[in-house]
Amino acid sequence: MPVSQAREIAPAARLENVRYAIRDLACVADEVARQGHKILPLNIGDPLNFDFQTPAHMIEAVYQAMQDGKNGYSSSSGIPPALEAIRGEAARKGITNIQDVFVTSGVSETVDICLTALLNPGDNLLTPCPDYPLYSAVLAKIEIGLNTYYLNEEDGWQPDLDDIKKKITPRTRGIVLINPNNPTGSVCTRKMLEQIAELARRHNLIIFTDEIYDKLIIDDTPHVAMAAVAPDVPVITFGGLSKNYLAPGWRIGWGIASGEASVIKPYLEGVNKLLRARLCANHPEQYAIKPALEGPQDHLVEVKRKLRSRRDLTMKWCCETSRVSCVAPRGAFYAYPRIDIPEGDDVFVTELIRQKYVTVVHGSGFGQRPGTKHFRIVFLPDEKTLTAAYAAIGDFMRKRYS
Ligand SMILES: Cc1ncc(COP(=O)(O)O)c(C=O)c1O
């Protein structure tokens, strides 16, 4: 007689704190789509959902790798031509003192491995607020409490240096920088990078700098790599193919470790232990790294042209719409407008999906200063779709709040 289990299988309690608002909202959107409505998706940062395509020569390289039988495991750090190309790219960005390079299944895995390899119970890591929610999700998974520092909206969303100074404790091990930033689209100034590096030196911190959008700078000001301004400081620079090279589904990311060898080497042994434990990153896709970084970069001209036009359209709408204000994004493809409304921004976005079928993400899903409300727009869709979405949001706000 088979015995049926009486007690439910509960998830681990630590998952209580794992939140990923961007995908969680998709459940509401799915419900609305099931009712037959066409959703205008301004919530997920996947260029391939819109009029962007992975460069053909990268696809060819992966296809060829598969044909050539590169379908087994690779070495845990990644294939040599990819590692060499990433080192070359780092050098072009002025990064010196490189101690290690490794390829992962997306920056998501780099983040998971780098944070897990660093933190002991009771330690803390400074993360930006607002932030890309992966960081808080990984910290929740490894049971590390949050220690967030604010980005300053009044200062174009630059990190709030005084807040960082206040939040450093004897157990602070490092600081995360997202530059260009998701969700604000801000880009750090060189002066800001130098000041953060100085704090890292003084407090013995490692810097994790997520530069996954570094080639998507919309205006002409060049992106400055954190590691380039602080060759002596332990820095892991995160990069990958998902955004700059329009291949998010391939799951290819990497880490570049730089700084004084004697300081960073023991930590890198821990990172490599975890890299070996998960075997390797996706193997054939690694063959696209060298052609991506060293081959034609023509796609970037077209991508940036589209992003500039869509950013400008977004800012025009923000400026013309009452109750909305926005710091102009300078990189990536996100805008983070502030909204002056009498209810929570989570209610705002849920009702917006239900009534107007437009999906954006609430500021409370990324974090924000108490008393402020925001929502994040992904301005990847074409101008026609964006215009329709902004007309719908405007109409929704007029009816609901005037
Ligand atoms: C700041 C930031 N880091 C990392 C990621 C994840 O990158 P990947 O696709 O390489 O895992 C994203 C994705 O949106 C992101 O915005």
Side-chain angles (χ1 to χ4, degrees), residues 19-26 41-50 52 54 58 78 82 86 89 101-116 125 127-139 141 148 151 157 159 175-188 207-217 223 225-226 236-256 275 278 281-282 285-286 288-289 292-293 303 307 329-336 359-361 365-367 376-380:
R19 299 225 154 69
Y20 200 89
I22 304 167
R23 292 217 170 215
D24 293 349
L25 265 186
L42 272 56
N43 60 323
I44 296 194
D46 182 349
L48 278 290
N49 281 347
F50 308 99
F52 299 89
T54 314
M58 290 169 53
I86 296 165
E89 175 68 11
V101 174
F102 47 89
V103 181
T104 53
S105 295
V107 166
S108 303
E109 194 188 36
T110 329
V111 171
D112 196 340
I113 287 176
C114 288
L115 270 50
T116 306
L125 179 71
T127 55
C129 174
D131 86 325
Y132 174 59
L134 169 68
Y135 289 90
S136 29
V138 169
L139 291 172
K141 194 178 83 171
T148 58
L151 304 181
W157 292 116
I175 179 163
V176 172
L177 207 64
I178 303 175
N179 178 35
N181 186 264
N182 177 2
T184 65
S186 61
V187 179
C188 281
I207 301 175
F208 297 126
T209 178
D210 184 336
E211 301 182 5
I212 192 169
Y213 300 98
D214 68 344
K215 297 195 177 192
L216 304 182
I217 304 294
H223 178 263
M226 178 76 210
I236 314 280
T237 304
F238 304 156
L241 297 185
S242 293
K243 313 290 178 172
N244 292 340
Y245 291 97
L246 307 171
W250 289 359
R251 314 305 303 124
I252 290 290
W254 56 76
I256 303 163
L275 287 169
R278 71 26 151 162
N282 310 322
E285 286 82 355
Q286 293 185 52
I289 297 175
L293 296 177
V303 169
L307 293 184
R330 297 183 44 228
F333 33 68
Y334 308 103
Y336 200 55
T359 317
V360 293
V361 184
F366 300 99
R376 189 192 73 168
I377 296 170
V378 171
F379 56 80
L380 285 169

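All residue numbers in this chain count up from 1 along the given sequence. Just so you know, ligand 1 is whichever comes first in the structure, and atom 1 is the first atom listed for that ligand. What you see is a predicted model, and the numbers here were worked out from it, not measured in a lab.
In plain terms, the two heavy atoms of Phe238 and Cys114 that are nearest each other are CE2-SG, 4.0 Å. Across all non-hydrogen atoms, the minimal contact from Pro248 to Asp46 is CG-OD1, 3.2 Å.
The side-chain contact (heavy atoms from CB on, under 4.5 Å) test with Tyr245 is passed by exactly one of Ile289, Ile252, Val303, Leu293: Leu293.
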### Task
Could you please spell out the steps behind the ring pair (Phe, Tyr, Trp, His ring centres under 6.0 Å) verdict for Phe366 and Tyr334?
CA-CA 13 Å; Phe366 300 99; Tyr334 308 103; 8.1 Å; no
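With a heavy-atom cut-off of 4.0 Å, Tyr213 touches ligand 1 through its side chain alone. For Arg251, every heavy-atom contact with ligand 1 shorter than 4.0 Å involves the side chain, none the backbone.
The closest approach between any non-hydrogen atom of Gly106 and ligand 1 is below 4.0 Å.
Distance alone, capped at 3.5 Å, is enough to place a donor-acceptor pair between the Glu211 side chain and the Met226 backbone. Between the side chain of Asn282 and the backbone N or O of Trp250, at least one donor-acceptor pair lies under 3.5 Å.
When the heavy atoms of Ile212, Asp112, Asp210, Val107 are ranked by distance to atom 3 (N) of ligand 1, first place goes to Asp210.
Atoms of ligand 1 found under 4.0 Å from any heavy atom of Ile178 (numbered from 1 in listed order, with element): 1 (C). For ligand 1, the atoms closer than 4.0 angstrom to any heavy atom of Lys243 are 13 (C), 14 (O).
For ligand 1, the polar-atom distance check against Ser108 finds a nitrogen or oxygen pair separated by under 3.5 Å. Taking any N or O of Tyr135, backbone or side chain, none lies under 3.5 Å from an N or O belonging to ligand 1.
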